[in-house]
Trainee: 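One structure follows; several queries about it will come next.
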Amino acid sequence: MDPQLTSLIVPTEEVAQIEECLGHLVEDTGGNYALLLDKSGQVIASQGDGSRQDITALGALIAGTFASSREVAKLLREKDFRMLFQQGVRENIFIALIEEQWILCVIFNKGTHIGLVKVLTKKATDELAAVLDRVRQQHKGRDEVLGSSFRTSMEDTIDLLFRD
Amino acid sequence: MALINVAAREIHCKVVYYGPGMCGKTTNLQYIHAQVPRDVKGDLLSIATETERTLFFDFLPLDLGKVRGFQTRFHLYTVPGQILYERTRVAVLNGSDGVVFVADSARDKLEENVRSLKELAGNITRQNKDFREFPIVLQYNKRDLPNALSVGVLDKYLNGLKWARFESIASTGVGVFDTLKAISKLVISRL
């Protein structure tokens with residue numbers, strides 16, 4: 001099958017490493033929140049201020065914004081586009097791409113210097129790229145993770161919930 | 001590609017509604033949002049112009065609850081249909097696991113449907129995915145129009161790859177859930 005169509009399975013151990021990396025990033029920058037997204041906008045892990053809500057919508061919008069800015073960069077004939085900075089009144093967001101697959105975001109306020117965020121984010125993206133590499137190299141099948149009867153159960157749930 | 005988070009025991013899938021301007025993509029999401037149980041849906045997020053045309057995308061997260069111990073989430077998106085927004089469609093399509101192509105059945109929209117489907121094929125291919133293998137479901141919308149083309153004609157021009165296809169009237173909900181069920185099952189079968 002087309003490798004692009006197979007699922008990306010992130011095992012428990014790797015999620016723990018990702019959370020640790022995000023935790024360090026928040027702590028070392030003095031930022032408010034860090035999250036790792038898949039390029040499709042889905043949140044893989046997050047660390048920081050626990051009161052933050054609407055993470056799902058935030059993930060979808062950040063991934064959309066990044067993909068859109070990337071198209072702008074292409075029109076401007078940029079060769080590579082990997083970082084985006086949103087300056088807000090209360091909070092700023094720094095976004096960095098990890099190997100065409102994941103998006104790392106750091107949300108921070110005026111107390112944190114952007115230069116520090118840039119440097120430490122670069123370090124974190126290197127670490128996370130190594131984790132991504134390990135995730136990609138694992139060849140666990142879907143059935144091994146989900147169980148062979150998952151599909152039938154899922155179809156029953158879809159029939160139950162998706163109706164007028 | 002779908003994302004399976006083993007630690008959080010979560011599965012995430014992204015489905016995009018694609019098609020020409022005013023074909024009924026947003027209407028599909030609005031109907032789904034109105035009908036599914038409260039605990040299944042999140043807020044419907046729309047980034048639209050002042051005239052309610054989609055500018056960036058609509059987004060509807062659906063949480064199907066635990067299936068065999070895994071929390072399963074479908075994220076539904078629409079693209080802006082107007083020709084002007086081609087690059088925006090590329091951005092929204094990024095990382096999608098399946099597409100519903102919504103075609104407008106009106107006689108004078110056939111060319112727009114064909115052009116939009118061709119653009120979709122190009123955009124999927126540019127993401128290094130095989131268009132012939134990619135999970136797609138067709139929806140022939142606005143079947144209640146007096147000048148609607150026959151299903152046979154629409155099949156001839158749009159369904160060369162023999163995808164599952166559904167007739168619909170999204171404004172009243174006819175065919176909306178049949179389409180959603182079909183694409184969801186197709187995406188799950190490819191996990």
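Nothing here was measured: the structure is a model prediction, and the numbers come from that model. Within every chain, numbering begins at 1; the chains are lettered A, B, ... in the order of the sequence lines, protein sequences first and strands thereafter.
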Trainee: For chain B, find its close neighbours in residues 12-31 of chain A: heavy-atom separation under 4.5 Å, sorted by number, or none.
Mentor: Thr12(A), Val15(A)
Trainee: Looking at chain B, which one of Val43(A), Asp156(A), Ile158(A), Leu75(A) has the largest number of heavy-atom pairs inside 4.5 Å, strictly under?
Mentor: Ile158(A)
Trainee: Using heavy-atom distances under 4.5 Å, tell me whether Thr72(B) contacts chain A through its side chain, its backbone, both, or neither.
Mentor: side chain
Trainee: Quick one: what part of Leu3(B) sits under 4.5 Å from any heavy atom of chain A, side chain, backbone, both or neither?
Mentor: both
Trainee: Backbone N or O of Ser40(A) within a donor-acceptor pair of the Asn94(B) side chain at under 3.5 Å?
Mentor: no
Trainee: For Ser69(A), which atoms come within 4.5 Å of any heavy atom of chain B: side chain, backbone, both, or neither?
Mentor: neither
Trainee: Side chain, backbone, both or neither: which part of His12(B) has a non-hydrogen atom closer than 4.5 Å to chain A?
Mentor: both
Trainee: Suppose we screen for side-chain hydrogen bond (donor to acceptor under 3.5 Å, both in side chains). Which residues come up paired with Glu50(B), at least two apart in sequence or across chains?
Mentor: none
Trainee: Are Ile169(B) and Tyr17(B) connected into the same hydrophobic cluster when the rule is that any two of I, L, V, M, F, W, Y join if their side-chain heavy atoms are below 4.5 Å apart?
Mentor: no
Trainee: If I measure from the heavy atoms of chain B, does Leu61(A) come under 4.5 Å with its side chain, its backbone, both, or neither?
Mentor: both
Trainee: Indicate yes or no: does Lys14(B) engage Asp38(A) in a salt bridge with an N to O separation below 4.0 Å.
Mentor: no
Trainee: Counting only heavy atoms closer than 4.5 Å, note whether Val90(B) contacts chain A via side chain, backbone, both or neither.
Mentor: side chain
Trainee: For the pair Phe74(B) and Phe162(A), name the ring-plane relationship: parallel under 30°, tilted 30 to 60°, perpendicular over 60°.
Mentor: perpendicular
Trainee: Under a 4.5 Å heavy-atom cut-off, does chain A meet the side chain of Leu62(B), its backbone, both or neither?
Mentor: side chain
Trainee: Counting heavy-atom pairs under 4.5 Å with chain B, which one of Asp164(A), Leu161(A), Thr157(A), Thr56(A) comes out on top?
Mentor: Asp164(A)
Trainee: Would you check, one step at a time, whether the test side chain to side chain contact (heavy atoms under 4.5 Å, CB included) holds for Ile4(B) with Val10(A)?
Mentor: CA-CA 6 Å; Ile4(B) 302 176; Val10(A) 192; over 6 Å; no
Trainee: Filter on salt bridge (charged side-chain N to carboxylate O under 4.0 Å, His left out), then keep only pairs touching residues 165-177 of chain B, sequence neighbours left out; what's left?
Mentor: Arg143(B)-Glu167(B), Asp155(B)-Arg165(B)
Trainee: Pair Glu71(A), Thr88(B) - check side chain to side chain contact (heavy atoms under 4.5 Å, CB included), show working.
Mentor: CA-CA 8 Å; Glu71(A) 289 302 314; Thr88(B) 314; over 6 Å; no
Trainee: Given that the side chain runs from C-beta out, which part of Ile11(B) has a heavy atom under 4.5 Å from chain A: side chain, backbone, both or neither?
Mentor: side chain
Trainee: With sequence neighbours left out, write down each residue that passes salt bridge (Lys or Arg N to Asp or Glu O under 4.0 Å) with Asp178(B), or none if nothing qualifies.
Mentor: none
